[in-house]
Amino acid sequence: MSQNPILVFVETTPDGTVAKSAAGLLGAAAAIGEPTALIVTAPGLSAAAASAVAQLGAMRVLTVEDLRLTDTFIAPLVDALAAAFENVEPDAVLLSNSVDGRDLAARFAVRAGLALAVDAVALSRDEEGVVASHSVYGGAYNVDSAVTSGAFVVTVRQGAIDARAEAQEPVVESLTVAPSNTPAATITDFEPLISNATRPDLRGAAKVVSGGRGLQSAEKFVLVEELADSLGAAVGASRAAVDAGYVPQSYQVGQTGVSVSPQLYIALGISGAIQHRAGMQTAKTIVAINKDADAPIFQIADFGIVGDVFSVVPQLISSLESRKA
Amino acid sequence: MVNQSVLAGAGRHGGSIYRQWCGDMKIVVLLKEVPDTYGDRKLDLDSGIADRAASDALTDEVDERALELAITYADSHSDTEVVVVTMAPASAAVSMRKALAIGGTSVVHVADDRLAGADTGLTAEVLSAAVARAGYDLIIAGNVSTDGYGGVVPAMMAERLGIPQATNLEAVQIYPDHVEGKRATETGLYTVSAPLPALISVTEKLPEVRFAGFKGIMAAKKKPYESLSLDDLGVVVDDETAARSIVVAVAERPARTAGVIVVDEGTAGEQLADFLIQNRLV
């Protein structure tokens, strides 16, 4: 038996691709114990995913192939995780704090009678067990949580864990799961999200350039993308820009969108309402450009420019390019 | 499908068969009162529990959208009951009255001092008990609260109640015997469908809540308002065998301070390029 096993649920897309969150989850697990990964796929897709997961540091990989996965929402995953939990007897169960990961963690924690902590940004151990660290109220407070008894179920913020586990030789076991027949919702259609492969993901990006209402229109929002591409940064937006229809909701940084902690965050035409600051104020360096000298974003900016984004940003881009040359 | 959902419902809350056969619909909307995100929010540094006195409290905006969804259905289906359920200190009554003024039929308010600092598991247990007691065909919640930012209580309730869930919906259609919606995840957009009784959670893509009119405000005063304690629900808080998540440390992060601010006089873009290069940020 392994020492201090940690069970990691690895998300896969419907075509069996391992989610990007897997590397951070396995990195976090390796720091507090020996990572065992669980992969649940449609029939025929688990082998490739299993070797990818071993490469990311899983010492043991449990696979479940379930035909129900394509049309039955969440229930097959809960059944598989419950079976893997009995098999592994881990000290903690780690999942991504994604839309699916939260639902699965919630249902599994209730079914197994375990305590749940969400949106951890770090994991550690003290003499009594696993401790989850959280950054709450938009990074204004650091809170550590632990469990009164039993294994700890923890969802981990995407992009928060920098640690990576060493690659392992694949040790793969297929797991048999008895379906629970819990009433479940049916999936009737799926449209995959087309992601922009040339730009980094907002979650976990080292640099982020975000635009707000000050960009004035969807057409003019291109300026944000130009600066982002010149810096190799991800593109974000304030809720005002999303509500105004400049960019899709997946760009939204803030309380009700994505929380980011990049090395560099550049806010263009963003006033800096608390909802927005809550999603970015843990960035190492914050730069803000805004016409309004009283904009609250300047209270937290390391470098602020009171000026017009449409003249300052093009000058910044050409200045950076001329010095690169 | 219809028979199955009716039978599933019958085991948990006897009223459901009657309701579904008669075309009635009982929708429970879960409302949470949260600190206003427009102001500073504080945590108590000894307990790690939200300091409710430090900021204005109001109903979470996404939960109001859940309420709007229920009331919109009720607008076109007159035999619909919209029961608002909350777990909050007694002071939340003001927000709950507003929900009645907007169009809720009744309120079930679980208020108990022993619930201060309840974790998600206990919260789901209490709300499930309250919802089961009230009876339901459809439960609607906001997807994620703006304070705890957990987003797990709805799914925990669905597991406890043994019903299907369709969470994180950005578009919803409610039918007499099932509910359909578009579920947005990091990988794509799923179309999901669940037979009633079921639980859904909705995102801020749904329409904003309407305003309460004068008539609604007056009518709210006469609507049923039930206050419940943990004893009424038979929920035991200090069960030593129950696994709970607890706060073991809390610290306030030092506030950020403003750095250099320049007013653009034609060279600010170049000055910013200097700053980024000097700090090795490009």
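Numbered from 1 within each chain, the chains take letters A, B, ... in sequence-line order.
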Is the closest side-chain donor-acceptor distance between [X] and [Y] under 3.5 Å?
{"X": "Asp103(A)", "Y": "Thr167(B)", "value": "yes"}
{"X": "Arg253(B)", "Y": "Gln281(A)", "value": "no"}
{"X": "Glu170(B)", "Y": "Gln249(A)", "value": "no"}

What part of [X] lies closer than 4.5 angstrom to a heavy atom of chain B: side chain, backbone, both or neither?
{"X": "Glu128(A)", "answer": "neither"}
{"X": "Val287(A)", "answer": "side chain"}
{"X": "Phe73(A)", "answer": "side chain"}
{"X": "Ala75(A)", "answer": "neither"}
{"X": "Pro314(A)", "answer": "neither"}
{"X": "Glu11(A)", "answer": "neither"}
{"X": "Ser96(A)", "answer": "neither"}
{"X": "Glu191(A)", "answer": "both"}
{"X": "Lys284(A)", "answer": "backbone"}
{"X": "Thr188(A)", "answer": "both"}
{"X": "Leu114(A)", "answer": "backbone"}
{"X": "Phe108(A)", "answer": "neither"}
{"X": "Ala146(A)", "answer": "both"}

Using non-hydrogen atoms only, which part of [X] is less than 4.5 Å away from chain A: side chain, backbone, both, or neither?
{"X": "Thr241(B)", "result": "backbone"}
{"X": "Leu122(B)", "result": "neither"}
{"X": "Val144(B)", "result": "side chain"}
{"X": "Asn143(B)", "result": "neither"}
{"X": "Ala124(B)", "result": "neither"}
{"X": "Thr187(B)", "result": "both"}

- prompt: Out of Val147(A), Ile305(A), Val118(A), which one racks up the most heavy-atom pairs below 4.5 Å with chain B?
  reply: Ile305(A)
statement: Most contact-rich option vs chain B, by heavy-atom pairs under 4.5 angstrom, among Thr182(A), Asn97(A), Ile286(A), Leu104(A), is Ile286(A)
Going from [atom1] on [X] to [atom2] on [Y], what distance comes out if it is rounded to the nearest 0.5 angstrom?
{"X": "Gln252(A)", "Y": "Glu204(B)", "atom1": "CD", "atom2": "CD", "answer": "5.0 Å"}
{"X": "Leu320(A)", "Y": "Leu272(B)", "atom1": "CG", "atom2": "CG", "answer": "7.5 Å"}
{"X": "Ile74(A)", "Y": "Glu159(B)", "atom1": "CD1", "atom2": "CD", "answer": "10.5 Å"}

query: Less than 4.0 Å between a side-chain N and a carboxylate O, is that true for Lys20(A) and Glu186(B)?
result: no
I'd like to know if the side chain of [X] reaches the main chain of [Y], judged simply by a donor and an acceptor atom lying under 3.5 Å from each other, with no hydrogens or angles considered.
{"X": "Ser193(B)", "Y": "Thr186(A)", "answer": "no"}
{"X": "Tyr141(A)", "Y": "Val250(B)", "answer": "no"}
{"X": "Gln315(A)", "Y": "Gly266(B)", "answer": "yes"}

query: Asp189(A) and Tyr190(B): side chain to side chain contact (heavy atoms under 4.5 Å, CB included), yes or no, with the steps?
result: CA-CA 6 Å; Asp189(A) 190 32; Tyr190(B) 292 84; over 6 Å; no
message: The test is salt bridge (charged side-chain N to carboxylate O under 4.0 Å, His left out); show your working for Asp100(A) and Arg183(B) and say whether it passes.
response: CA-CA 10 Å; Asp100(A) 284 337; Arg183(B) 168 181 166 86; 2.3 Å; yes
message: So if I apply the side-chain contact (heavy atoms from CB on, under 4.5 Å) rule between Val306(A) and each of Ile261(B), Asp264(B), Val262(B), which one comes out positive?
response: Ile261(B)
- prompt: Side chains of Thr285(A) and Asn279(B): closer than 4.5 Å at any heavy-atom pair?
  reply: no
